[in-house]
Number of protein chains: 2
Amino acid sequence: MVSFEGFRPEGSEPIYLQIVGFVKRGIVSGEIPDGDELPSRRMLSALLGVNPNTVQKACRMLEDEGILVSHAGAKSYVACTPAKREALRGELVVSGAAAAALKLKEMGVTLEEAIKLISKAWEED
Amino acid sequence: MVSFEGFRPEGSEPIYLQIVGFVKRGIVSGEIPDGDELPSRRMLSALLGVNPNTVQKACRMLEDEGILVSHAGAKSYVACTPAKREALRGELVVSGAAAAALKLKEMGVTLEEAIKLISKAWEED
DNA sequence: CCAACTGTGTTATTCGAGTAGTACAGTTCT
DNA sequence: AGAACTGTACTACTCGAATAACACAGTTGG
């Protein structure tokens, strides 16, 4: 069963996109294995304190991307082949690192300084 | 005069917040010096292709934070003491690095891998 | 002075995200 | 079979972001 313990909606990004991102990152990290069961829409919405429709929208998006399999009446399961997992990893990690690097660089931070800051943040978490 | 050449609204983040962030990063990088003149609301909205009210909302927020000085009828100028600039730098750089580190770490990326990715993204931009 | 700018404020409208409640159909298990 | 779940669909509503079109007051330069 996929655990949503470390997840709380925050910031201005739409909640359903945050849910999608959370699941994707969980898959990439290996924390969410292939075939893992997803909590029901109602269960999950209660756990996260958000509306069932918001959860449904996230699930719909995950299903459209082929990461989730849902059948009416039955439970939902994560379906992610190793190939798709690698593609996801590339998509998320590279874009994430690039976006962070771009913003830091834009502020006049040197590469050495950036590495130092990243390393420091790494420890503190 | 503050240049908005490298700026285009994108993503789900509200445009007025993106404008605020752009100006803040410009100040931190030194690209926008203290006392620099800001394009008028109408001029800026035409340049960015957004509504004057959206620009006004961003300017209002910057003024509330003491980064911008506006007088009715007169032009607007950036007003940022060295101390405030350092505070901004800390706020943006540290939080940016921390957010990047958190996301990468969450995906099971090692620190060495993260540094490698950041370095690569640094060159490519 | 006066025309052309500047910032500011107001009202109305559109649009998407999120909330709320309900209904329906398929499955799973006893 | 029947109860209890499951996903799915739908409508109505609130709220904030963004747009649009103004009106008003202060500043500036010819």
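Because only heavy atoms are used, hydrogens play no part in the values below, and waters and symmetry mates are left out as well, while side chains stay in. In what follows, chains are A, B, ... by sequence order, proteins preceding strands, each numbered from 1.
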What integer distance in Å separates A/Arg41:CZ from D/dT8:C1'? 9 Å
Spacing of B/Tyr77 atom OH relative to C/dT6 atom P, expressed in whole Å: 11 Å
Do A/Arg85 side-chain atoms and A/Ile27 backbone N/O form a donor-acceptor pair below 3.5 Å? yes
What does the list of N/O pairs under 3.5 Å between the protein and nucleotides 26-30 of chain D look like, with a distance for each?
{"residue": "D/dG26", "atom": "N2", "partner": "B/Gly73", "partner atom": "O", "Å": "3.3"}

Which ones in residues 53-67 of chain A lie close to DNA chain C, meaning a heavy atom under 4.0 Å from one of its atoms? A/Asn53, A/Thr54
Between CD1 on residue B/Ile15 and OG on residue B/Ser45, distance to nearest 0.5 Å: 11.5 Å
Whole angstrom value for the distance that separates C1' of D/dT19 from CG of B/Leu48: 15 Å
Nucleotide nearest A/Ser70 (side chain, heavy atoms from C-beta), chosen from D/dT6, D/dT8, C/dT8: D/dT8
Measure CE/B/Met43 against P/C/dC5 and give the value in whole Å, please. 9 Å
Hey, what do you get for OG1 (A/Thr54) to CG (A/Leu48), rounding to the nearest 0.5 Å? 10.0 Å
Measure from CG on B/Leu38 to P on C/dT8 and round the result to the nearest Å. 11 Å
Measure CD/A/Glu10 against P/C/dG18 and give the value in whole Å, please. 14 Å
Over how many whole Å does the gap from B/Asn51 atom CG to C/dG9 atom P extend? 16 Å
Check every strand shown and say whether A/Ser76 touches a base, only sugar-phosphate, or nothing at a heavy-atom separation below 4.0 Å. sugar-phosphate
Name all pairs fulfilling the salt bridge (Lys or Arg N to Asp or Glu O under 4.0 Å) condition that reach into residues 26-37 of chain A, sequence neighbours left out, sorted by first residue then second. A/Glu37-A/Lys75
Determine whether a donor-acceptor pair (N or O, by modelled atom type, separation under 3.5 Å) exists between the side chain of B/Gln56 and the backbone of B/Arg41. no
Minimum-distance nucleotide to B/Tyr16 side chain [options: C/dG18, D/dA17, C/dT8]: D/dA17
Rounded to the Å, how far apart are B/Leu44 CG and C/dT8 P? 13 Å
How far does CE of B/Met61 sit from NZ of B/Lys24, to the nearest 0.5 angstrom? 8.0 Å
Examine distances only and state if a side-chain atom of B/Lys105 and a backbone atom of A/Trp122 form a donor-acceptor pair shorter than 3.5 Å. yes
Between the CG atom in B/Leu62 and the OG atom in B/Ser76, the distance rounded to the nearest 0.5 Å is 10.0 Å
What is the distance from atom NZ of A/Lys103 to atom CZ of B/Phe22, rounded to the nearest 0.5 Å? 11.5 Å
Between B/Glu13 and A/Arg42, which residue's closest nucleotide on DNA chain D lies nearer the 5′ terminus? A/Arg42
